[in-house]
Amino acid sequence: MNERVYQQDLERVKALRLFDDDFFALVFENNTEGTEFLLNIIFDREDMKVSKEMLI
C-alpha cells in the first residue's frame, strides 16, 4: 500500500463516529461485553446484562 492511499484510509477512519449506523453495527455485532458496557453507561447503571439472543 502506498503512503497516499494509507493517508486517505487513515482520514476516513478518523472521520468515523461510533454512532454512524454502519460503524455502530460492526462494532457491536456479537459483542455482548461492549453492548453491556455502553448500555450501562447510557442508563447510568451497573447491572444490565445482554445475551447473545438479544443481539440477533
Side-chain angles (χ1 to χ4, degrees):
M1 177 181 307
N2 69 43
E3 183 65 24
R4 185 178 62 79
V5 172
Y6 174 78
Q7 289 302 321
Q8 289 173 333
D9 289 345
L10 185 59
E11 290 304 313
R12 286 188 198 107
V13 169
K14 285 180 181 179
L16 291 174
R17 300 292 176 255
L18 185 57
F19 290 100
D20 293 336
D21 290 340
D22 294 334
F23 188 52
F24 185 90
L26 286 172
V27 169
F28 290 103
E29 181 178 28
N30 297 318
N31 183 355
T32 55
E33 287 181 12
T35 304
E36 284 177 5
F37 180 72
L38 182 62
L39 289 173
N40 280 300
I41 290 171
I42 290 171
F43 292 107
D44 193 26
R45 295 176 60 164
E46 296 180 3
D47 62 340
M48 296 188 80
K49 297 294 178 198
V50 175
S51 68
K52 247 187 169 15
E53 293 79 31
M54 293 175 168
L55 297 177
I56 297 174

Just list the side-chain donor-acceptor pairs under 3.5 Å for residues 10-19, sequence neighbours left out, or say none.
unit_1, atom_1, unit_2, atom_2, d
Arg12, NH1, Asp9, OD1, 2.7
Arg17, NH1, Lys14, O, 2.8

Quiz item: Shared ILVMFWY cluster between Val50 and Met48, side chains joined below 4.5 angstrom?
Solution: yes
Quiz prompt | Pairs flagged by side-chain hydrogen bond (donor to acceptor under 3.5 Å, both in side chains) wherever residues 37-48 is involved - sequence neighbours left out | solution = Arg45-Asp47
Quiz prompt | Interatomic spacing from OG1 in Thr35 to CG in Asn30 - rounded to 0.5 Å | solution = 9.0 Å
Self-check item: Step-by-step side-chain contact (heavy atoms from CB on, under 4.5 Å) determination, Leu38 to Phe24
Solution: CA-CA 11 Å; Leu38 182 62; Phe24 185 90; 3.7 Å; yes
Quiz item: Sub-3.5 Å donor-acceptor pair from the side chain of Glu36 to the main-chain atoms of Lys49, do we have one?
Solution: no
Quiz item: Is there a donor-acceptor pair closer than 3.5 Å between any side-chain N or O of Asn2 and the backbone N or O of Arg4?
Solution: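 Yes; judged by distance alone, with no hydrogens or angles, the pair exists.
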Quiz prompt | More than 12 heavy atoms of other groups within 6.0 Å of Glu33 CD | solution =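 Counting neighbours around CD of Glu33, 12 or fewer heavy atoms of other residues, nucleotides or ligands fall under 6.0 Å, so no.
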Exercise. Can you establish whether the number of heavy atoms outside Phe23 located under 6.0 Å from its atom CZ is more than 12?
Key: yes
